[in-house]
Each structure stands twice: as C-alpha cells, then as structure tokens.
Peer 1: 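Submitted below is the structure of interest, expressed as structure tokens.
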Amino acid sequence: MDDPIYKIELDESAREQETHVQKDNILQEVQNLQQNIRDSNYQAFQKTTYWHQQTTATDDIKQENLQKEMLDCLSRIEDKLTQIINLFEKS
C-alpha cells in the first residue's frame with residue numbers, strides 16, 4: 001500500500017469524483033434556473049421606472065449636483081491646460 005503509483009491512482013480517483021460532483025451541482029443549478037424561468041410568477045428583476053416617466057425632484061437634485069461637480073472638474077482641467085499652454089509659449 002505504500003506504493004507511490006497506488007497513491008497517485010487514489011488521488012486521481014478522488015479528483016475525478018470531486019469534478020463529477022461539481023458537474024452534478026452545476027447541472028442541478030442550471031436545471032433550477034430553467035425551472036424558475038419557466039415559472040410565470042418568477043421575476044428576475046423588477047423595472048421601477050420607464051423611459052417616458054418623469055424623474056422625481058430628488059433625482060433632479062442629484063443630477064444637478066453631479067453636473068456641478070463635472071463642470072468644476074472640467075474648469076480645473078481647462079485651467080491646467082491654460083497653464084501648460086502658457087508654459088509652452090514662454091519657452
């Protein structure tokens with residue numbers, strides 16, 4: 001039983017059984033997903049707003065704040081570019 005070849009065979013057999021169990025688990029998960037999809041009551045996601053619906057006041061405020069941040073960032077970039085241009089012109 002101390003034969004290294006016998007030990008390698010046992011290790012390979014254990015790995016094969018493990019991969020077989022993993023494949024069975026994956027197949028079971030796929031079957032469960034297919035069954036859920038076929039169920040008319042199963043909802044994968046729920047759409048909360050549609051393209052034609054108006055945004056709320058809080059969404060407008062969030063967008064406005066985001067736009068202000070973007071504008072500030074663009075202004076800083078423009079200032080840096082102006083400084084770089086001035087440095088090139090002085091050279």
Side-chain angles (χ1 to χ4, degrees):
M1 296 261 175
D2 293 339
D3 189 14
I5 294 174
Y6 182 72
K7 184 176 180 182
I8 291 172
E9 288 177 2
L10 284 177
D11 289 344
E12 288 177 1
S13 176
R15 279 188 227 139
E16 287 176 6
Q17 287 177 348
E18 184 177 317
T19 56
H20 182 68
V21 168
Q22 288 176 344
K23 287 179 183 177
D24 286 344
N25 289 343
I26 291 170
L27 290 175
Q28 184 63 38
E29 285 294 321
V30 169
Q31 288 173 350
N32 289 342
L33 284 172
Q34 288 176 342
Q35 185 177 5
N36 286 340
I37 290 170
R38 286 188 202 118
D39 184 12
S40 63
N41 294 328
Y42 180 76
Q43 293 182 350
F45 66 92
Q46 182 177 357
K47 191 166 191 127
T48 56
T49 59
Y50 294 91
W51 66 270
H52 64 281
Q53 292 175 324
Q54 297 294 319
T55 58
T56 61
T58 56
D59 290 338
D60 290 339
I61 292 171
K62 289 178 186 176
Q63 276 186 336
E64 187 176 332
N65 289 337
L66 183 60
Q67 289 172 349
K68 285 180 183 178
E69 289 177 25
M70 289 170 46
L71 185 61
D72 290 342
C73 184
L74 289 172
S75 295
R76 288 193 304 272
I77 291 171
E78 186 179 17
D79 290 343
K80 292 290 182 184
L81 289 174
T82 304
Q83 290 174 3
I84 292 172
I85 290 170
N86 288 338
L87 286 174
F88 279 130
E89 289 175 351
K90 288 180 182 179
S91 299

Peer 1: Checking side-chain contact (heavy atoms from CB on, under 4.5 Å) between D72 and each of R76, E69, M70, which is the one that passes?
Peer 2: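 Only one option passes, and that is R76.
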Peer 1: Out of curiosity, L27 CG to N32 CG, how far, rounded to the nearest 0.5 Å?
Peer 2: 11.0 Å
Peer 1: Just how far is it from atom CD of Q67 to atom CG of L74, taken to the nearest 0.5 Å?
Peer 2: 11.5 Å
Peer 1: What side-chain donor-acceptor pairs closer than 3.5 Å can you find for residues 77-88, not counting sequence neighbours?
Peer 2:
residue : atom : partner : partner atom : Å
T82     : OG1  : E78     : O            : 2.8
N86     : ND2  : T82     : O            : 3.3

